[in-house]
Amino acid sequence: MYDPTVARLTYRALLGRRRALILFALPLLLIVIAVAVRALSGADDQVASDLLGGFALATMVPIIGVIAGTGAIGPEIDDGSVLYLLSKPVKRPTIIVTKLTVAIAVTMAFSALPTFIAGMILNGNGQQIAVAYTIASLVSSIAYAAIFLLLGTITRHAVVFGLVYALVWEAVFGSLVSGARTLSVQQWSLAVAHKAADGGDLVTSDVGLPAAVILLIVVTAGATWFAGQKLRTLTLAGEE
């Protein structure tokens with residue numbers, strides 16, 4: 001279910017000059033802000049939680065997920081080069097799983113690590129805040145990569161739809177509309193983070209841990225399966 005050649009090509013596409021600049025920009029901005037906040041206000045657990053939750057988890061992680069998830073397959077579908085890949089003796093599920101693995105790895109590397117570094121700068125992991133939000137970033141990276149990889153297979157405007165979901169649904173509706181929070185990857189990952197933070201009051205979620213874990217698994221598996229089905233349909237269309 002993993003092909004090294006497909007993985008190498010996907011890494012090369014994702015870490016090209018233009019995308020790499022975007023991928024590095026947000027983590028760098030987070031760390032710069034963390035340094036400035038620590039210098040101005042000192043170590044403050046509430047401030048650390050607000051910054052990591054409001055910027056890192058709510059904005060940085062989904063945007064990086066959009067870049068990695070859609071970029072793993074979207075450009076190949078847009079320019080038609082995916083048909084060349086599909087003509088090779090590689091199973092379609094293997095292509096999807098390989099590209100998803102790469103997208104997850106890139107999203108984790110550019111979101112979880114900077115989140116941990118920023119958390120350590122802000123309050124030295126007081127009340128397990130840095131670890132909790134790092135875990136939330138890792139967990140949400142998996143779901144975001146799967147969702148945005150699926151978008152990359154079904155629409156040519158995957159980046160636009162991905163950004164709308166990340167910035168409007170997650171950041172706006174997820175913060176203001178209580179019902180929308182139940183269907184938020186951010187809230188699911190916060191439920192896991194809440195457990196990692198020993199149930200403290202600084203890292204909270206509107207979704208219970210059992211429901212969050214189930215939803216994360218179902219959405220990730222469902223998006224991966226559906227992306228594979230869409231790739232099969234695309235293959236048939238290309239052969240016809």
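The analysis underlying the following values was restricted to heavy atoms, covering all of them including side chains, and did not include hydrogens, waters or symmetry mates. Bear in mind the structure is a predicted one, so any value in this text is a computation, not a measurement. Note that the numbering runs from 1 along the sequence shown for the chain.
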CG of Asp206 to OG of Ser184, rounded to nearest 0.5 Å, is 9.0 Å

For Ala34 and Leu122, the nearest pair of non-hydrogen atoms, with its separation, is O-CD2, 3.7 Å

Quiz item: So Met108 and Ile142, side-chain contact (heavy atoms from CB on, under 4.5 Å) or not? Walk me through it.
Solution: CA-CA 8 Å; Met108 285 182 171; Ile142 299 172; 3.6 Å; yes

Heavy-atom nearest pair, Val6 first then Ile95, reads CG1-O, 4.5 Å

When rounded to the nearest 0.5 Å, the distance separating CG of Leu209 from CD1 of Ile214 is 9.5 Å

Ala145 and Thr107 have their tightest heavy-atom pair at CB-OG1, 4.4 Å

From the list Val102, Leu23, Thr10, side-chain contact (heavy atoms from CB on, under 4.5 Å) with Leu15 holds only for Leu23

Check: Lys230 side chain, Ile154 main-chain N or O, donor-acceptor pair, under 3.5 Å: no

Query raised in the report: Are Val139 and Val218 connected in the hydrophobic side-chain network, where two residues link if heavy atoms are under 4.5 Å apart?
Result: no

Residues 141-151 vs side chain to side chain donor-acceptor pair (under 3.5 Å), sequence neighbours excluded, gives Ser111-Ser141, Tyr144-Glu170

Sidechain-backbone polar pair: Arg92 side chain, Arg232 backbone, donor-acceptor under 3.5 Å: no

With a 4.5 Å cut-off on side-chain heavy-atom distances among I, L, V, M, F, W and Y, is there a chain of contacts connecting Val35 to Val37? no

Looking only at heavy atoms, the pair that brings Met60 and Thr115 closest together is CE-OG1, 3.6 Å

Check whether any side-chain N or O of Thr155 sits under 3.5 Å from a backbone N or O of Leu151 as a donor-acceptor pair, and report yes or no.
no

Applied to residues 92-120, the ring-ring contact (aromatic ring centres under 6.0 Å, His included) test, sequence neighbours excluded, yields Phe24-Phe110

Residue set satisfying side-chain contact (heavy atoms from CB on, under 4.5 Å) with Gln128, at least two apart, ordered chain then number -> Asn125, Val131, Asp198

Hits for side-chain hydrogen bond (donor to acceptor under 3.5 Å, both in side chains) against Thr134, two or more places apart or cross-chain, chain-then-number order -> none

TODO: Please confirm whether the backbone N or O of Asp201 pairs with a side-chain atom of Thr204, one donor and one acceptor, at under 3.5 Å?
DONE: no

Taking every heavy atom of Gly119 against every heavy atom of Leu52, the minimum-distance pair comes out as CA-CD1, 3.8 Å

side-chain contact (heavy atoms from CB on, under 4.5 Å) between Val192 and Leu216, intermediate numbers included: CA-CA 10 Å; Val192 180; Leu216 283 166; 4.3 Å; yes

Residues at least two apart in sequence or cross-chain that pass side-chain hydrogen bond (donor to acceptor under 3.5 Å, both in side chains) with Gln127, listed by chain then number, are Asp45

* To do: Just do the side-chain contact (heavy atoms from CB on, under 4.5 Å) check on Leu30 and Phe55 with the steps written out, would you?
  => CA-CA 8 Å; Leu30 172 64; Phe55 181 77; 3.6 Å; yes

Tell me whether Ser189 contacts the main-chain N or O of Gln186 through its side chain, where contact means a donor paired with an acceptor under 3.5 Å.
yes

Output for pair (Met120 CE, Arg38 CZ), nearest 0.5 Å, gives 10.0 Å

Output for pair (Ile96 CD1, Gln229 CD), nearest 0.5 Å, gives 10.0 Å

| request: Take atom CZ of Phe226 as the centre, draw a 6.0 Å sphere, and report whether it contains more than 12 heavy atoms from other residues, nucleotides or ligands. | output: no

Worksheet entry | Ser49 (side chain) donor-acceptor with Leu202 (main chain) under 3.5 angstrom | yes

Discussion item. For a 4.5 angstrom cut-off between non-hydrogen side-chain atoms, does Tyr165 reach Val185?
Written reply: yes

Taken in chain and number order and not counting sequence neighbours, the residues that satisfy side-chain hydrogen bond (donor to acceptor under 3.5 Å, both in side chains) with Thr70 are none

side-chain contact (heavy atoms from CB on, under 4.5 Å) between Thr59 and Leu26: does it pass, once the steps are laid out?
CA-CA 9 Å; Thr59 302; Leu26 284 173; 5.5 Å; no

Between the CD1 atom in Ile77 and the CZ atom in Arg156, the distance rounded to the nearest 0.5 Å is 8.5 Å

*Identify whether Ile22 and Leu29 are in the same connected component of the hydrophobic contact network (ILVMFWY, side-chain heavy atoms under 4.5 Å).*
yes

Leu215 and Thr182 have their tightest heavy-atom pair at CD1-O, 3.9 Å

